[in-house]
Amino acid sequence: MSASNRPVRVRFAPSPTGYLHVGGARTAIYNYFFAKAMKGTFYLRIEDTDRKRYNEEALHDLLRDLRWLGLQWDEGPDCEGDVGPYFQSERLDIYAREIKKLLDSGNAYYCFCTEERLQEVRAAQEKSGAVVTGYDRHCRNIPREEAEERIARGEKAVIRFKVPETGITGFDDLIRGHIEYQNELLDDLVLIKRDQYPTYHFASVVDDHLMGTSHVLRGDEWISSTPKHVLLYKAFGWEPPVFCHLPVILAAGGGKLSKRKGAASVGDFRDLGFLPETLVNFLALLGWNPGDDREVMTIQEMIDVFTLERINPKAVAFDEKKLQWMNGQHIHQADEKFLADYMVKGLEAIEIKTSSFSEDYILAVVKLLKNRAHFLTDLPIMASYFFTTPKTFDEKAKTKNWGAGSRAIAQSVRKALEPLTEFNASSIEQAFHALAESSGLRLGDLVGAVRLAVSGVSAGPGLWEIFELVGKQNVLSRILDAEPLMEP
RNA sequence: GCCUCCAUCGUCUAGUGGCCCAGGACUCGGGAUUUUCAUUCCCGCAACAGGGGUUCGAAACCCCUUGGAGGUACCA
C-alpha cells in the first residue's frame, strides 16, 4: 500500500524548547484539520532530543496551549496509543536498534572528527569558495571493526549517514510539486550524536515510519533536508510518507515574526483577550481558503471542507488588524454564558463584586456589551458600572457633557424619571421623548450629562437599556450625586 | 557563495488559457442609521514585479531578470 492511500495518520511534533508560536500553531491546526477531515488520527509526538535546550515549563505550556486551541490529540502525552512512547527521549532503545540496521547494511558509519576539525574544514571551504560544502567524509571509510575497537577504547564518535555521492534525489511535495536535489550537494549528516541521542533527521524518519505516519505536514524550513530523509527511507527499505511543506508566517512588515514585533505566541493572544476560535480561524485562513467567500467560520465548518490542495505555497504576513476584526465577529457569535463567566472573572480581578447579582442580570449585561467588544478583556472594563457606582468620571467627557446648563438638564431628567412606575427601556425612552418635546431640546442634548453621571463614561450601549438594568433607584441617586459636579 | 522554494490591491486571498480593462475580506476614505460609542448597511480608493517567448487569445504555460524566504549544525 503506498503512502497516499494508507489510512491518514498525521502528527504534530514540537520540540519543547520555547513557547508555542503562531507558526507552530498553524502547523498543528492543519494537521488536526486534515486528520479530522479524513477521519484519520492526529497524534502528538514530543521531539525532546536536544538535552541542552529542553525546557520542562515549555512542555507544560505547549500542551496547555494546544488544548486551549481545541486541538486535542488522539494519541500522545496523557493518552498513549499503540505506537508509543510519544516522547523521543523514551525511545532511545528503538533508535539504537534501528541505527544498527544501517551500520550493518553499510549505510552509516562512525565518525571521530572533533568539533575543531569540522570548523577548520568549514573555514577552508569558505575560503576557497568550494561549491560542495559540508562534512568532507573524512571518516567514511574507516572499517567497522577498527571503529568499534576505538570506541571500546573509550573514543567518542557520532554516527553519520553514508549519502550517495552521485545521482539525484527527488520527492513530490503536495503543494509545490516535484522537487529535486543533486546528491553530491548533500553531506553525510549526523544520525546519532555524541551523547547517544538521535538527531531530528534520524529520529523523525524512524518514528514517522514506526508510528505509521501517512502524511508529514511541517514547516517549509524542512524542504532542503527532505531529500536526506528520502534517502534514509530508501536505505531502510521503507515507503516514505507524503510530504507537504507549509509556508512560513512573516511579521506584518516582513521578516520573522517575533516577540519584539508584538505578540507572537498563542499564550500572548490568549492574554490579550482573543478567543481560541478566532485564532484557529484566522491562522487557518493564513494560507488556506475554503474555496468560497466565507471567512468567519467555526472549526467544524472548516474541517468539513478542508483539503491540503487549497493551501498556498506563498509565505504570508500576519495582519493583526484583521485578527482583531475577526475576534469581534467571533465574540458576537460566542456563547453568552461563556462570555459572562469571563466577564465576571475579570470584574472580580479588579475587585468588583458580582455575587449579589442574578445570572439573568449578568447575561443581560453581556447581551448589551458583546457587540461592541473586540477583545474579551473589553468586557469587564465596559461592564463595571452595571455592578458598582462609578468612582471616577472620564475627564474629556466632563468638559463636554457637564458644561454650562448641564445641571439643570440632569435635574429635569431626574424629575421626568421619578414618577415612572414601570422602569424599563421603553418607558424610559418615552419619558425622554416627552421631556424633549416639553423642553424644546433635542434628545442628544438630554442624554450626555446623565449618561456620564450613571456610567462614568460617554460611550456605551443605548441609554434606556443601561438605565433599565442599573435600576431606577441607582439611576436617580447617581444623577443626584453627580449634579454638584456639573455646571449650573 | 552554493542549493531550494516563492511572487495578484498596503495585508489575507479568488482566479487552474477566453466568464477578468481582475472578484471577496481586512485596513483606509466617504455616506446612511442613531441618544453617545460601537455594531450594522451602502459607496469609494487600491494589484496581476519587469522583460522575453508559446498561443487566435495569457494574471494563468515556458525562459530570463529582479525581489523575498528557507537551508547550508553533533538545533529542531
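In the text below, chain A, chain B and the rest are named by the order of the sequence lines, each starting its count at 1.
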_Without decimals, in angstroms, what is the distance between E295(A) CD and rG23(B) P?_
16 Å
*More 5' along RNA chain B: A459(A) or Q182(A), using each one's nearest nucleotide?*
Q182(A)
*asked:* Can you check the distance between rC64(B) and rC56(B), where both ends of the measurement are the C1' atom (answer in whole Å)?
replied: 26 Å
*Mind calculating the distance between CG (L186(A)) and P (rU4(B)) to the nearest angstrom?*
11 Å
*Does R310(A) have a side-chain nitrogen or oxygen under 4.0 Å from the phosphate oxygens OP1 or OP2 of rG15(B)?*
yes
*Identify, with sequence neighbours excluded, every residue that meets side-chain contact (heavy atoms from CB on, under 4.5 Å) alongside R117(A).*
C113(A), T114(A), V121(A), Y135(A), D136(A), H138(A)
*From rA7(B), rA38(B), rU11(B), nucleotide with atom closest to R372(A) side chain*: rA38(B)
*Where the side chain of K314(A) is defined as all heavy atoms beyond and including C-beta, which of rU13(B), rU39(B), rG10(B) is the nearest nucleotide?*
rU13(B)
_Spacing of the P atoms in rA14(B) and rG71(B) (rounded, Å)_ = 25 Å
Table please: side-chain donor-acceptor pairs of residues 445-463 of chain A below 3.5 Å, with sequence neighbours left out.
{"from": "D445(A)", "atom 1": "OD1", "to": "R442(A)", "atom 2": "NH2", "distance (Å)": "3.4"}
{"from": "D445(A)", "atom 1": "OD2", "to": "R442(A)", "atom 2": "N", "distance (Å)": "3.3"}
{"from": "R451(A)", "atom 1": "NH1", "to": "P461(A)", "atom 2": "O", "distance (Å)": "3.1"}
{"from": "R451(A)", "atom 1": "NH2", "to": "P461(A)", "atom 2": "O", "distance (Å)": "3.0"}
{"from": "S455(A)", "atom 1": "OG", "to": "R451(A)", "atom 2": "O", "distance (Å)": "2.8"}
{"from": "S455(A)", "atom 1": "OG", "to": "V457(A)", "atom 2": "N", "distance (Å)": "3.2"}
{"from": "S455(A)", "atom 1": "OG", "to": "V457(A)", "atom 2": "O", "distance (Å)": "2.9"}

Under 3.5 Å, side-chain donor or acceptor atoms of residues 374-383 of chain A against the rest of the protein: list the pairs with distances, not counting sequence neighbours.
{"from": "T377(A)", "atom 1": "OG1", "to": "L272(A)", "atom 2": "O", "distance (Å)": "3.1"}
{"from": "D378(A)", "atom 1": "OD2", "to": "H374(A)", "atom 2": "N", "distance (Å)": "2.9"}
{"from": "D378(A)", "atom 1": "OD2", "to": "F375(A)", "atom 2": "N", "distance (Å)": "3.0"}

*How would nucleotides 67-76 of chain B be written as a contact map, 5' to 3', with B for base contact, S for sugar-phosphate-only contact and - for no contact, using protein heavy atoms under 4.0 Å?*
--SSSSSBBB
*asked:* Each nucleotide in nucleotides 28-35 of chain B should get exactly one letter: B, S or -. Can you fill that in based on protein heavy atoms under 4.0 Å?
replied: -------B
*asked:* Taking the C1' atom in each of rG57(B) and rC20(B), what is the distance between them to the nearest angstrom?
replied: 13 Å
_Between rA7(B) and rC63(B), how many Å separate the two P atoms, rounded to a whole number?_
13 Å
*asked:* Measuring to OP1 and OP2 of rA14(B), would you say a side-chain N or O of N289(A) lies under 4.0 angstrom away?
replied: yes
*Using a 4.0 Å heavy-atom cut-off, write out nucleotides 42-48 of chain B from 5' to 3' as B (base contacted by protein), S (sugar-phosphate only) or - (no contact).*
-------
*Measure from NZ or CZ of R160(A) to the centre of the six-membered ring of Y110(A), then state whether that distance is under 6.0 Å and the direction lies within 45° of the axis.*
no
_Distance criterion of 3.5 Å, no angle test: do you see the side chain of K322(A) paired donor-to-acceptor with the base of rA25(B)?_
yes
_Pairwise C1' distance, rG18(B) and rA58(B) [rounded to whole Å]_ = 9 Å
*Report yes if some heavy atom in the side chain of Y30(A) is under 4.5 Å from a heavy atom in the side chain of R26(A); otherwise report no.*
yes
_Are F243(A) and W222(A), when compared by the centres of their aromatic rings, separated by less than 6.0 Å?_
no
*asked:* Tell me whether the side-chain N/O atoms of N312(A) come closer than 4.0 Å to OP1 or OP2 in rA14(B).
replied: yes
*Is there a donor in the side chain of D207(A) and an acceptor in the side chain of Q88(A), or the other way round, less than 3.5 Å apart?*
yes
*What integer distance in Å separates L323(A):CG from rU27(B):P?*
12 Å
*Using the C1' atom on both, measure rA22(B) against rC48(B) and round to a whole Å.*
8 Å
